Asks: 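I have a structure here, written as structure tokens, and I will follow up with some questions on it.
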Amino acid sequence: MLYSPVMLRVRFAPSPTGFLHVGSARTFIFNWLYARRNGGTMVLRLDDTDVERNTDASVNSIYEGLRWLDLGWDEEYKQSERLGLHRQIAESIFQKGLAYRDFTPAHTGDSERSGALQTWLFNPGMRELSRAESDRRVAAGEPFALRFRVPRGTGALVRFDDAVYGEQVKAADDIEDFALLRSDGMPTYHLASCADDVDLRISHIIRGQDHLSNTYKHVLIFEAAEGKAPQFAHLPLLVAPDGSKLSKRRHGPVVSVTTYRDAGFLPEAFINFLCLLGWSPKDDREKMSRQELTDAFSLEGINRSNTVVNFKEPAATPEETFDPKAVWLNAEHIRALPVEDLSARLLPIVREAGFQVTPERMLKVTPLIRERIKLLRDVLTAADFIFVEQLPPYDPAELIPQKGDSAMALKALTRAREVLATTEFTHDGLDQALRAAAQELGIKAGQMFQPIRVAVCGRKNAPPLFETLEVLGRETVLKRIEQAVLEVG
RNA sequence: GGCGCUAUCGUCUAGGGGUUAGGACGGAAGAUUCUCAAUCUUCAAACCCGGGUUCGAUUCCCGGUAGCGCUACCA
């Protein structure tokens with residue numbers, strides 16, 4: 001086993017207030033890649049301190065999304081089970097004089113202040129409260145919030161070096177006395193997060209850029225708690241085509257990972273796509289396997305500006321919903337999959353749609369559609385005619401070949417019926433027999449093939465004819481041609 | 001309002017003081033196969049604006065503008 005000089009540990013810390021969305025998924029992936037690339041440890045931590053908004057359903061949906069990604073993690077924690085640790089660290093910060101009690105009644109959800117017209121730094125009168133006075137009010141049972149005592153008027157600077165955004169500096173005077181503990185004794189996000197990062201020995205915090213400004217507070221906590229902050233790397237945000245941040249309410253299911261799964265994305269393609277948003281391998285590669293991504297990943301390749309996920313707002317067809325590049329990448333990955341593998345992934349989808357199909361049969365069908373599907377679910381529209389017993393009705397006019405008429409269609413079909421009754425049902429056998437038949441009838445091969453194709457597939461656009469006939473088998477083919485003959489005649 | 005981050009084709013991006021500003025997706029046109037798809041070829045498409053530094057800025061600096069983030073006893 002290899003040991004890096006410092007133990008590299010990263011974490012993914014979602015708060016279970018909704019489904020796993022694409023931005024979180026990307027954060028998870030980047031953390032995972034970084035850990036794997038450098039022989040580090042990947043920690044999953046559920047940041048569930050917000051009792052009001054956390055739900056079990058959300059926890060499950062996060063697991064569901066992560067499981068589909070199929071990347072795994074090494075250690076797992078629940079923040080709600082570590083409240084003692086958080087309070088302990090808050091207490092030690094308080095004892096060092098770096099925090100103070102604020103007895104001002106809570107302003108939870110006070111929208112005047114967030115969105116704010118003026119800068120709020122601290123509640124007057126509380127910072128200077130003497131320890132004796134503070135203790136007296138606690139003894140009297142007054143509730144209080146614990147606030148960090150940010151240095152004031154000293155010209156102090158808070159700084160950290162971000163692996164993506166570079167050196168960051170902010171005047172302590174511009175940072176408000178943020179809360180560590182709420183008046184009900186529960187830790188705030190800032191405290192809980194940093195306390196856990198300290199305790200779990202997290203070495204690198206890779207997270208969304210929406211935390212960049214919060215990081216100054218975190219640095220203050222880290223320094224108060226253990227003297228040293230971990231390395232930070234902030235990721236550019238994923239945004240909607242209109243530049244707004246992704247939200248389920250505004251943008252619908254396209255922001256949920258399970259939507260991609262259900263639509264028939266391959267997890268490796270989805271991962272590939274997400275990696276290309278805000279990160280570049282710096283060469284011209286686009287389609288990359290999990291291993292290639294792991295090998296190529298580095299923090300230096302991460303961008304600094306917001307990235308648009310180019311989906312269609314209220315989508316028309318399912319395929320048009322998604323970023324075209326994601327769809328293209330998925331098709332690329334589908335075509336790169338061994339037939340056996342692809343077939344195995346297609347089978348459950350086909351069965352779930354109500355078709356009785358054996359793995360052996362699916363294996364035969366797969367090559368026909370492999371280059372014609374972009375999402376796994378497309379198998380249902382690409383190969384439906386193979387699975388159905390009875391072809392859905394189609395327009396008999398479709399049977400008429402290019403530059404031909406119904407007489408030609410009839411001629412082709414009746415001849416085909418004869419020929420196919422005896423020909424060997426292999427690609428080459430069918431090829432020869434049908435081409436010969438066309439020649440006999442004095443029509444072009446295409447004019448011969450199209451009526452057959454429509455008769456057999458129920459539409460003009462379908463997989464190559466000979467392979468299709470072969471897979472369908474003589475019985476079905478003859479039956480469908482017979483039916484088509486009746487339609488034309 | 002305050003503080004901060006960002007700015008290359010429609011989108012994802014490469015590049016970087018002197019380049020025909022490269023690639024990909026998507027779009028258009030063509031080639032090709034029995035249709036479709038795949039594949040191949042070609043085309044259209046970008047350095048936010050204004051100053052400064054410089055022999056020379058898309059690149060470096062400053063300002064503006066725009067977008068985004070933070071500004072909660074949410075995370």
Side-chain angles (χ1 to χ4, degrees), chain A residues 13-17 47-50 52-54 102 104-111 113-121 143-147 162 165 168-171 174-176 178-190 192-193 208-217 234 236-237 239 241-245 273 276-287 303-310 323-329 331 335 369-374 382 401-402 431 434-435 438 444-450 452-454 457 459-466:
Chain A
S15 56
T17 55
D47 279 8
D48 56 351
T49 50
D50 185 357
E52 303 275 296
R53 297 198 299 156
N54 292 164
D102 182 352
T104 312
H107 280 254
T108 318
D110 189 341
S111 51
R113 213 162 67 197
S114 60
L117 301 125
Q118 64 203 39
T119 313
W120 175 90
L121 290 172
F144 62 88
L146 191 71
R147 289 189 183 281
D162 189 275
Y165 289 88
Q168 303 291 310
V169 186
K170 187 172 186 168
D174 288 329
I175 302 169
E176 73 279 9
F178 55 95
L180 260 19
L181 249 27
R182 303 175 207 167
S183 47
D184 62 1
M186 288 290 283
T188 61
Y189 161 76
H190 300 303
S193 175
Q209 192 247 36
D210 47 343
H211 284 297
L212 193 64
S213 316
N214 286 150
T215 305
Y216 297 103
K217 297 172 191 168
H234 287 88
L237 261 23
V239 298
D242 67 355
S244 66
K245 80 180 221 183
F273 169 65
L276 262 18
L277 298 179
W279 173 80
S280 161
K282 305 279 184 180
D283 51 34
D284 287 341
R285 283 183 296 172
E286 300 267 1
K287 193 216 138 209
N303 270 91
R304 280 170 294 277
S305 46
N306 289 176
T307 296
V308 173
V309 182
N310 200 13
D323 191 315
K325 195 149 198 168
V327 174
W328 169 75
L329 268 173
R335 290 193 288 268
I369 57 164
R370 185 158 87 141
E371 290 186 337
R372 271 160 269 265
I373 61 176
K374 296 182 168 179
Q402 285 284 310
D431 189 334
L434 258 16
R435 280 183 200 280
K444 288 184 176 165
Q447 292 174 316
M448 178 80 198
F449 298 158
Q450 178 174 322
I452 303 174
R453 185 185 344 269
V454 173
C457 304
R459 59 168 177 262
K460 283 180 180 171
N461 299 342
L465 190 58
F466 311 131

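The structure presented is a predicted model; accordingly, all values stated were derived computationally and were not measured. Chain letters run A, B, ... following the sequence lines, proteins first and then strands; every chain starts at 1.
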Asks: Which one is paired to B/C34, where only Watson-Crick or G-U wobble pairs with both distances under 3.5 angstrom count?
Replies: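 WC or wobble partner does not exist here.
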
Asks: If you check every side-chain atom of A/Leu237, which of B/G69, B/C73, B/C12 has the closest atom?
Replies: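 From the listed options, B/G69 comes nearest.
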
Asks: Give a yes/no answer on whether the side chain of A/Asn303 brings an N or O atom under 4.0 Å of OP1 or OP2 in B/A14.
Replies: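 Result: yes.
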
Asks: What nucleic acid atoms does A/Gly208 come within less than 4.0 Å of, heavy atoms only: base, sugar-phosphate, or nothing?
Replies: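 If one applies the 4.0 Å heavy-atom cut-off, A/Gly208 turns out to touch nothing in the nucleic acid.
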
Asks: Check every strand shown and say whether A/Gln447 touches a base, only sugar-phosphate, or nothing at a heavy-atom separation below 4.0 Å.
Replies: nothing

Asks: Hey, does A/Ala179 reach any base, or is it just sugar-phosphate, or nothing, if we go heavy atoms under 4.0 Å?
Replies: sugar-phosphate

Asks: Students often get this wrong, so: under 4.0 angstrom with heavy atoms, is A/Lys245 touching a base, only sugar-phosphate, or nothing?
Replies: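 Sugar-phosphate only.
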
Asks: Base, sugar-phosphate alone, or nothing: which one does A/Ser193 contact when heavy atoms must sit under 4.0 Å apart?
Replies: nothing

Asks: Under 3.5 Å for both donor-acceptor distances, Watson-Crick or wobble: does B/A7 have a partner, and if so which one?
Replies: B/U65

Asks: Could you work out which one of B/C12, B/G1, B/C73 sits closest to the side chain of A/Arg147?
Replies: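 Comparing B/C12, B/G1, B/C73 against the side chain of A/Arg147, the answer is B/C73.
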
Asks: Scan A/Gln168 against the nucleic acid and name what it touches under 4.0 Å (heavy atoms): base, sugar-phosphate only, or nothing.
Replies: sugar-phosphate

Asks: Can you figure out which of B/C3, B/G23, B/U6 approaches the side chain of A/Tyr165 most closely?
Replies: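 Looking only at side-chain atoms, A/Tyr165 lies closest to B/U6.
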
Asks: What string of B, S and - do you get for nucleotides 30-37 of chain B 5' to 3' if you count protein non-hydrogen atoms under 4.0 Å?
Replies: ----BBBB

Asks: Looking across every strand, which nucleic acid part, if any, lies under 4.0 Å from A/Pro14 by heavy atom: base, sugar-phosphate, or nothing?
Replies: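 Touches nothing.
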
Asks: Between A/Arg304 (CZ) and B/G69 (C1'), how many Å, whole number?
Replies: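 Roughly 16 Å, once rounded to whole Å.
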
Asks: Scan A/Ser305 against the nucleic acid and name what it touches under 4.0 Å (heavy atoms): base, sugar-phosphate only, or nothing.
Replies: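 Here A/Ser305 touches the backbone only, sparing every base.
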
Asks: Give a yes/no answer on whether the side chain of A/Thr307 brings an N or O atom under 4.0 Å of OP1 or OP2 in B/U13.
Replies: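 Yes, within the criterion.
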
Asks: Go through B/A72, B/C12, B/G26 for me and flag the one nearest to the A/Pro324 side chain.
Replies: B/G26

Asks: How about NZ on A/Lys444, more than 12 heavy atoms from neighbouring residues, nucleotides or ligands closer than 6.0 Å, or not?
Replies: no

Asks: Nearest to the side chain of A/Asp284, heavy atoms from C-beta on, is which of B/G69, B/G23, B/U13?
Replies: B/G23

Asks: Please report, rounded to the nearest Å, how far the P atom of B/C68 is from the NE2 atom of A/His211.
Replies: 19 Å

Asks: Ignoring hydrogens and angles, are the base of B/C12 and the side chain of A/Lys325 linked by a donor-acceptor pair under 3.5 Å?
Replies: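 Such a pair is found, so the answer is yes.
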
Asks: With no hydrogens and no angle check, just 3.5 Å: does a side-chain donor-acceptor pair link A/Ser305 and A/Asn303?
Replies: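 No, A/Asn303 and A/Ser305 have no side-chain donor paired with an acceptor closer than 3.5 Å.
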
Asks: Set out, in order, the CA-CA distance, both residues' side-chain angles and the distance that settles salt bridge (charged side-chain N to carboxylate O under 4.0 Å, His left out) for A/Asp323 and A/Lys325, then state yes or no.
Replies: CA-CA 5 Å; A/Asp323 191 315; A/Lys325 195 149 198 168; over 6 Å; no

Asks: Kindly say if A/Arg285 contacts the phosphate of B/A24, meaning a side-chain N or O under 4.0 Å from OP1 or OP2.
Replies: no

Asks: Please enumerate all protein N or O atoms sitting under 3.5 Å from an N or O of nucleotides 40-47 of chain B, with distances to 0.1 Å.
Replies:
none

Asks: Among B/C68, B/A14, B/C3, which nucleotide sits nearest the side chain of A/Lys282?
Replies: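 Looking only at side-chain atoms, A/Lys282 lies closest to B/A14.
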
Asks: Have a look at A/His190 and say if it touches a base, only the backbone sugar-phosphate, or nothing, with a 4.0 Å heavy-atom cut-off.
Replies: base

Asks: Between B/G26, B/G15, B/C74, spot the one nearest the side chain of A/Arg53, thanks.
Replies: B/C74

Asks: Contact class for A/Ser183 (heavy atom, under 4.0 Å): base, sugar-phosphate, or nothing?
Replies: base

Asks: Does NZ in A/Lys170 sit with more than 12 non-hydrogen atoms of other residues, nucleotides or ligands closer than 6.0 Å?
Replies: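 Counting neighbours around NZ of A/Lys170, more than 12 heavy atoms of other residues, nucleotides or ligands fall under 6.0 Å, so yes.
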
